[in-house]
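All figures in this text were calculated on a predicted structure; none of them were measured in a lab. By convention in this document, chain letters (A, B, ...) are assigned in the order of the sequence lines, proteins followed by strands, and residues within each chain are numbered from 1.
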Number of protein chains: 2
Amino acid sequence: MADINFSTTASAPDRTAAATIDGSGPDAGAAAAAPAAGEPQWEMIELLFFAYRDFIGDPDAILDAFDFGRAHHRVLHFVNRNPGMPVAELLNILKITKQSLGRVLRELIEAGYVEQQTGESDRRQRLLFATARGRDLALRLAAPQSTRIAAALAALGPEGAAAAREFLRLMINAEERAETARFVART
Amino acid sequence: MADINFSTTASAPDRTAAATIDGSGPDAGAAAAAPAAGEPQWEMIELLFFAYRDFIGDPDAILDAFDFGRAHHRVLHFVNRNPGMPVAELLNILKITKQSLGRVLRELIEAGYVEQQTGESDRRQRLLFATARGRDLALRLAAPQSTRIAAALAALGPEGAAAAREFLRLMINAEERAETARFVART
DNA sequence: AAATTTATGTCAGCCATATTGACTTATTTC
DNA sequence: GAAATAAGTCAATATGGCTGACATAAATTT
C-alpha cells in the first residue's frame with residue numbers, strides 16, 4: 001500500500017508541537033478549506049493514499065491468475081513501454097537493486113513475457129523487450145486503471161484534466177521531472 | 001499499493017512499445033494528446049507512479065531515525081487523525097489483518113507514540129489515541145509531503161488545485177468515496 | 001442463565017519483496 | 001594489458017503481509 005508515508009530527512013530530536021489533531025483543527029473546513037501556508041495538507045495526503053490504494057488494487061486480481069505480483073507488473077510495464085531498455089536503466093527507474101530485480105525478471109523471461117537481446121553496440125548489455133504475450137498482459141493490466149483514469153478525467157473536463165496531469169507532474173521530484181517526462185510523454 | 005506500484009502487491013501497467021522519446025521536455029505540460037476513449041492511459045498511469053513514488057519517499061529518512069517503517073507511519077497517521085479509533089476500524093482502513101497490525105501497533109505503543117483506552121460504551125474495544133509524542137511525529141512526517149503538495153497546488157492556482165483534488169477523489173472506488181470523505185475532510 | 005457472537009490479541013509458520021556484501025564472467029575502455 | 005562497466009549469482013537478513021489456530025473478555029441472543 002501505499003503509505004501516506006512521508007519522509008524527509010532527518011533525525012531529530014523532539015519536537016513539541018502538537019497540533020491539532022484532535023478535534024479542533026486548523027482548518028476545519030469541511031470540504032476543504034485550503035490549508036494555510038505551512039499547515040499540514042491532511043486532506044490531499046489522504047486523498048493520495050486512498051486514490052493510489054484503489055488505483056493499484058485494480059490489477060491485483062489479474063496478476064494473481066498469472067502467479068505474478070506487483071513487482072512483475074512494474075517490470076513488465078516499463079519493459080513494454082521502453083523496448084530495448086538495458087537492465088541498468090530499469091534498475092534506475094524502479095530504484096531497486098539488481099538482486100531484487102533478479103528473481104522477478106527471471107520469472108518473466110522463463111514464462112515468456114520478456115525477452116533479452118545482446119546489445120549491438122555494447123555486447124555486455126542485455127536489452128529487454130516484452131514479447132507479444134508480454135505486451136498483451138501489460139495491456140490487460142493497464143485496462144482497468146485506464147478506465148478509472150478516463151472516467152475521472154472525463155468528469156473534470158479538459159481544463160480540469162490538464163490541471164490534474166500538471167499536478168501529478170509537479171509532485172515528482174523537480175530534478176527528475178525532465179527524465180521521467182521522457183518516459184511518460186511517449187505514447 | 002502502488003503500482004505501478006509501490007507497496008506490495010500489485011503493480012502497474014505498462015507502456016507499449018513505442019520507443020523513443022522525443023525529447024521534448026519536461027514541462028510540456030499538457031502535452032500528450034489525450035488518449036482516445038478506450039486507449040491505455042499510459043501517461044497518467046506513469047505520472048501517478050512517479051508522483052506517488054516521490055511522495056512516499058519523503059518521510060523515509062525520518063522513519064529510519066526512529067527505527068520505524070512505512071507500516072508504522074500509516075498506523076500513526078490514521079490514529080492521529082482519528083482519535084479514539086477502535087482497532088477494527090483501523091484494520092478496515094488499512095485493509096490488512098490484525099496479525100499484520102499486531103507488531104507495528106505494539107511497537108508504537110511500547111515506544112510511547114500511541115495509547116489505548118478501553119471503550120466506555122463497549123469495554124471490549126481498545127480505542128487508539130496518539131500521544132503528544134505521536135502527534136509530533138505524525139506532524140513531522142507530514143511536513144515534507146505538505147510542502148510538496150502546497151507547492152504543486154500553488155503553481156496550479158485555485159481552480160487547478162480544486163481540479164487536482166477532485167481528480168483524486170474520483171480515483172477512489174465509488175463505493176468508498178463517502179466513507180473515506182469522512183476521514184479526509186476532517187482536519 | 002446459557003449459548004453465541006464480537007473485539008482484540010497472540011503463537012507459529014510461510015511468502016514476497018527488497019537489502020547489503022562478496023564474487024564471477026563478459027566486454028569495453030584506457 | 002589493466003581497469004572499469006554491465007550483468008548475474010550466492011548467501012544472509014529485514015519488512016510487511018498472510019493463513020490458521022486459539023484464547024480471553026465482554027456484549028448479544030436465545
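Of the residues near DNA chain C, B/R126 and A/R126, the one whose nearest nucleotide (by heavy atom distance) lies more toward the 5' end is B/R126. Comparing A/E120 and A/V104 by the nucleotide of DNA chain C that holds the closest heavy atom to each, the one mapping nearer the 5' end is A/V104. For B/E107 and A/A88, each mapped to the nucleotide of DNA chain D holding its nearest heavy atom, the one lying further toward the 5' end belongs to A/A88. When each of A/D122 and A/R106 is assigned the nucleotide of DNA chain D bearing its nearest heavy atom, the one mapping closer to the 5' terminus is A/D122.
The interatomic distance linking B/R74 (CZ) with D/dG16 (C1') rounds to 8 Å, in whole Å. Nucleotide C/dT6 holds its P atom 15 Å from the CG atom of B/N92, rounded to whole Å. Protein atom CG of A/L94 is 13 Å distant from nucleotide atom P of D/dA7, rounded to whole Å. Look at CG on A/L105: it is 17 Å from P on D/dA6, rounded to the nearest Å. Per the geometry, CE belonging to A/M85 stands 15 Å off P belonging to D/dA6, to the nearest Å. Residue B/D64 contributes atom CG, which lies 14 Å from atom C1' of C/dT20 at whole-angstrom precision. Between A/E115 atom CD and D/dA7 atom P there is a gap of 17 Å when expressed in whole angstrom units. As a whole-Å value, the separation of B/H73 NE2 from D/dG16 P is 13 Å.
Residue B/R123 has a polar side-chain atom (N or O) positioned under 4.0 Å from OP1 or OP2 of D/dA26. Contact check, B/S100 against D/dG16: no side-chain N or O comes under 4.0 Å of OP1 or OP2. At the phosphate of C/dA16, neither OP1 nor OP2 sits under 4.0 Å from any side-chain N or O atom of A/R103. Taking side-chain N and O atoms only, B/R70 has no distance below 4.0 Å to OP1 or OP2 of D/dT15. Note on A/Q125: every side-chain N or O is 4.0 Å or more away from OP1 and OP2 of D/dT5. OP1 or OP2 of C/dT19 sits under 4.0 Å from a side-chain N or O of A/T97.
The pair B/E176-A/R53 counts as a salt bridge, with a side-chain nitrogen and a carboxylate oxygen less than 4.0 angstrom apart.
Residue side chain B/R124 reaches the base of C/dT6 through a donor-acceptor N/O pair under 3.5 Å, judged by distance alone. You'll find a donor-acceptor pair under 3.5 Å spanning the side chain of A/Q99 and the base of C/dG21, going by distance alone.
The side chain of B/H72 sits closest to D/dG16 out of C/dT19, D/dG8, D/dG16.
Heavy atoms only, all atoms of each residue included: A/P40 and B/L139 are closest at CG-CD2, 3.3 Å. Closest approach of A/L108 and A/H72 over heavy atoms only: CD1-O, 3.8 Å.
Contact annotation: the side chain of A/F68 approaches that of A/L137 to within less than 4.5 Å [non-hydrogen atoms, C-beta and beyond].
Looking at residues two or more places apart in sequence or on another chain, you find no salt bridge (charged side-chain N to carboxylate O under 4.0 Å, His left out) involving B/E115.
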